[in-house]
*Asks:* 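The structure's right below; bear with me while I get my questions together.
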Amino acid sequence: MNLHRFSPAAVVIVSGIVAAMHIGKIPPAIPLLRDALGVSLVEAGFLLSLVQVAGMLSGVFVGLAADGVGMRRSVVAGQAILALASLAALWAQHPADLLLLRALEGCGFLLAVLPVPGLIRQLVPPPQLALHLGLWGAYMPAGASLALLLGPPVMAGYGWRSLWAALAALSFLAAFALLVSVPSDRQRRVAAPVVAVSEHWRERLRTTLTASGPWRIAISFAMYSCQWLAVIGFLPSIYAQAGVNGQVAGALTALACFANVVGNVAAGRLLHGGFAARTLLYAGFAGMAGAALLSFSPITADLPVLRYLAVVGFSAVGGLIPGTLFSLAVHVAPNERTVSTTVGWMQQCSSFGQFAGPPLVAWIAAVAGGWQWTGVFCGAAALVGLLLARGLERRH
């Protein structure tokens, strides 16, 4: 296969999808891990959340490191870490082994994805930037959906270790493709020279966190991620309570997750066509609020098809938000040297939203005795997102 035929930006986006598959491999594997290694329910929860904890605690610092060591170098290193950690899991004998390797995968995942928006900015001409960043915004739902769909049949035939081995091979292939297809950091600097500014990491961090733009997009991402993961993450449980078969519930969840890709791609095309970023954020947050209220309203309790279609709409229209925010990140960054740092801060706040949202929704459901207040939670998060969007420029 001649990798030179593929555009560098396409290779980078596919690399992100491979990284996201490592995130999505855990949910379908939990039953097998519990049987094979005696993983408890609490340990399974930590396997799900360790990646979010890594991002929540270190996202901005990994972004700083990527800005310092070089973007392509960081993405290649991240894929290598994902591959090695996934490969090492083949010899895991205890839950603690998997937990340690999962934390390592979290670091590899951050290195593999945080520099990508800044890297895409250097790889594509300005008129194509919004389109490509919209595609990049779909990397997480695309990768997670593939893992949800392909993971169960692979593991059914060959066990959970086969899925880990397959993803390790994909990450090694992604690292090789990046080395072959994407110009090195030095080559890109020669081809498109910029003013060389040597900044200490503390200065880059101070510059990023004292600007209002990175804060607005970071908190907006948290308001999106906390509600999206809470709704999509609990869909299998909600359907199980309703008596839906486990495999059917998994397929329905994967389809709802994949619908998010549509919104991300649409955001890129609409931004490319001249739509205002703020308008897309308004549509995304308002649409999520309305769809969530419809999905969990007692009025639709006896209309399961309508509820499911509302969940799909919730995910699809919500995809407008990450697609738009990734595009905004490269523009609100204080300077060229802080793009990955800005994306790191956005990822850090997004991880906090993913970490805090599902437990909060579960607590509300436990107190209320049902999921009927989930729509209100989503509406409140969307309202904060709408208020933050008001402060953004009409044109990105």
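Values in this document were obtained by computation on a predicted structure and should not be read as measured data.
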*Asks:* Could you walk me through whether Lys25 and Leu167 pass the side-chain contact (heavy atoms from CB on, under 4.5 Å) check?
*Replies:* CA-CA 9 Å; Lys25 70 187 177 186; Leu167 290 178; 3.6 Å; yes
*Asks:* State, to 0.1 Å, how close Gln227 and Ala382 come at their nearest heavy-atom pair, and which atoms those are.
*Replies:* NE2-N, 3.8 Å
*Asks:* Restricting to non-hydrogen atoms, name the atom on Arg121 and the atom on Leu129 that form the minimum distance, rounded to 0.1 Å.
*Replies:*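 It is CA-CD1, 3.6 Å.
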*Asks:* Tell me whether Leu104 is reachable from Leu98 by hopping between hydrophobic residues (I, L, V, M, F, W, Y) whose side-chain heavy atoms are closer than 4.5 Å.
*Replies:* yes
*Asks:* Is the number of heavy atoms from other residues, nucleotides or ligands under 6.0 Å of Phe258 CZ greater than 12?
*Replies:* no
*Asks:* With rounding to the nearest 0.5 Å, note down the distance linking CG in Leu101 to CG in Leu87.
*Replies:*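 Output value for this atom pair is 10.5 Å.
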*Asks:* Among Leu170, Leu146, Val261, find the residue that satisfies the side chain to side chain contact (heavy atoms under 4.5 Å, CB included) test when tested with Ile17.
*Replies:*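 Going through the options one by one, the only one that passes is Leu146.
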*Asks:* Roughly how far, to the nearest 0.5 Å, is the CD atom of Gln347 from the CZ atom of Phe326?
*Replies:*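 Answer for the CZ-CD pair, Phe326 versus Gln347, is 6.5 Å.
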*Asks:* Where do Leu320 and Ala267 come nearest, in terms of heavy atoms and distance?
*Replies:*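 Smallest heavy-atom distance, with atoms named: O-CB, 3.7 Å.
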*Asks:* Should Gln354 and Cys226 count as side-chain neighbours, where that means a heavy-atom distance under 4.5 Å?
*Replies:* no
*Asks:* Would the distance check show the side chain of Asn264 and the main-chain N or O of Leu135 forming a donor-acceptor pair, the cut-off being under 3.5 Å?
*Replies:* no
*Asks:* I'd like to know if Leu90 and Met21 are part of one continuous hydrophobic network [Ile/Leu/Val/Met/Phe/Trp/Tyr, side-chain heavy atoms within less than 4.5 Å].
*Replies:*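 Yes, Met21 and Leu90 fall within the same hydrophobic cluster.
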*Asks:* Does the side chain of Gln79 pick up a donor-acceptor pair with the side chain of Ser171 at under 3.5 Å?
*Replies:* yes
*Asks:* Do Phe285 and Val384 have side chains that approach each other closer than 4.5 Å (heavy atoms only, starting at C-beta)?
*Replies:*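 A side-chain contact is absent here, since even the closest heavy-atom pair is not under 4.5 Å.
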*Asks:* Under 3.5 Å, is there a donor-acceptor pair between the side chain of Arg161 and the main chain of Met155?
*Replies:* no
*Asks:* Taking the side chain as every heavy atom from C-beta outward, state whether Pro214 and Pro334 have any pair of such atoms under 4.5 Å apart.
*Replies:* yes
*Asks:* Looking only at heavy atoms, what is the nearest atom pair of Leu133 and Pro117, with distance?
*Replies:*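 For Leu133 and Pro117, the tightest heavy-atom pair comes out as CD2-CA, 3.9 Å.
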*Asks:* Tell me the closest heavy-atom pair linking Ser15 and Val75, and the distance in Å.
*Replies:*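 Nearest heavy atoms, Ser15 then Val75: OG-CG1, 3.9 Å.
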*Asks:* Consider only side-chain heavy atoms of I, L, V, M, F, W and Y, link residues closer than 4.5 Å, and tell whether Leu325 and Val262 are in one cluster.
*Replies:* no
*Asks:* Which atom pair, heavy atoms only, marks the closest approach of Ala85 to Glu105?
*Replies:*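 Closest approach of Ala85 to Glu105, heavy atoms only: CB-CG, 3.6 Å.
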*Asks:* Hey, are the side chains of Ile13 and Ile120 touching, using non-hydrogen atoms and a 4.5 Å cut-off?
*Replies:* yes
*Asks:* Should Leu149 and Ile232 be counted in the same cluster of Ile, Leu, Val, Met, Phe, Trp and Tyr side chains packed under 4.5 Å apart?
*Replies:* no
*Asks:* Pairs of donor and acceptor atoms involving the side chains of residues 286-305, under 3.5 Å and at least two apart or interchain, shall be tabulated with distances.
*Replies:*
unit_1: Ser295; atom_1: OG; unit_2: Ala291; atom_2: O; d: 2.7
unit_1: Ser295; atom_1: OG; unit_2: Val311; atom_2: N; d: 3.4
unit_1: Ser297; atom_1: OG; unit_2: Ile299; atom_2: N; d: 3.1
unit_1: Thr300; atom_1: OG1; unit_2: Leu294; atom_2: O; d: 2.8
unit_1: Thr300; atom_1: OG1; unit_2: Ser297; atom_2: O; d: 3.0
unit_1: Thr300; atom_1: OG1; unit_2: Arg307; atom_2: NE; d: 2.9

*Asks:* Is there a side-chain contact (heavy atoms from CB on, under 4.5 Å) between Val367 and Trp363? Walk through the geometry before answering.
*Replies:* CA-CA 6 Å; Val367 171; Trp363 176 78; 3.7 Å; yes
*Asks:* Has His132 got a side-chain atom pairing as donor or acceptor with Gln128's backbone, closer than 3.5 angstrom?
*Replies:* yes
*Asks:* OG1 of Thr374 to CG of Leu360: how many Å apart, nearest 0.5 Å?
*Replies:*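 Reported value, rounded in 0.5 Å steps: 10.0 Å.
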*Asks:* Rounded at 0.5 Å granularity, tell me how far CG in Leu270 sits from OG in Ser327.
*Replies:*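 Between atom CG of Leu270 and atom OG of Ser327 there are 11.5 Å.
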*Asks:* Given side chains that start at C-beta, do those of Trp228 and Cys257 come closer than 4.5 Å, heavy atoms only?
*Replies:* yes
*Asks:* Do Phe221 and Ile321 pass the side-chain contact (heavy atoms from CB on, under 4.5 Å) test, and can you show the C-alpha distance, the side-chain angles, and the key distance before you say yes or no?
*Replies:* CA-CA 8 Å; Phe221 214 143; Ile321 297 169; 5.9 Å; no
*Asks:* When rounded to the nearest 0.5 angstrom, what is the spacing between NE2 in His94 and CG in Leu99?
*Replies:*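 Rounded to the nearest 0.5 Å, the NE2-CG separation comes to 12.5 Å.
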*Asks:* Contact between Ser145 and Leu255 at the side-chain level, heavy atoms closer than 4.5 Å - yes or no?
*Replies:* no
*Asks:* Keeping Tyr308 on the side-chain end and Leu252 on the backbone end, is there a donor-acceptor pair under 3.5 Å?
*Replies:*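 Such a contact is found between Tyr308 side chain and Leu252 backbone.
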*Asks:* Looking only at atom types and distance, does a side-chain atom of Ser315 sit under 3.5 Å from a main-chain N or O of Ala256, one as donor and one as acceptor?
*Replies:* yes
*Asks:* Between His22 and Ser86, is the side-chain contact (heavy atoms from CB on, under 4.5 Å) condition met? List the steps.
*Replies:* CA-CA 8 Å; His22 286 272; Ser86 199; 3.8 Å; yes
*Asks:* Transitively linked via ILVMFWY side-chain contacts under 4.5 Å: Val312 with Trp371?
*Replies:* yes
*Asks:* So, do Arg72 and Val12 sit near enough that their side-chain heavy atoms are less than 4.5 Å apart?
*Replies:*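 Not touching, per the 4.5 Å side-chain cut-off.
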*Asks:* With a cut-off of 6.0 Å (strictly less than), are more than 12 heavy atoms of other residues, nucleotides or ligands near CZ of Arg269?
*Replies:*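 No.
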*Asks:* Would a distance-only check, ignoring hydrogens and angles, find a side-chain to backbone donor-acceptor pair under 3.5 Å from Thr208 to Thr342?
*Replies:* no
*Asks:* Is any side-chain heavy atom of Phe314 closer than 4.5 Å to a side-chain heavy atom of Cys378?
*Replies:*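 Phe314 reaches Cys378 side chain to side chain.
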*Asks:* How many angstroms lie between atom CH2 of Trp345 and atom OG1 of Thr341, to the nearest 0.5 angstrom?
*Replies:*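 Going from the CH2 atom of Trp345 to the OG1 atom of Thr341 covers 12.0 Å.
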*Asks:* Does any pair with a residue in residues 138-171 pass ring pair (Phe, Tyr, Trp, His ring centres under 6.0 Å), and if so which ones, sequence neighbours excluded?
*Replies:*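 Applying ring pair (Phe, Tyr, Trp, His ring centres under 6.0 Å) to every pair that reaches into residues 138-171, excluding sequence neighbours, yields Trp136-Tyr139, Trp160-Trp164.
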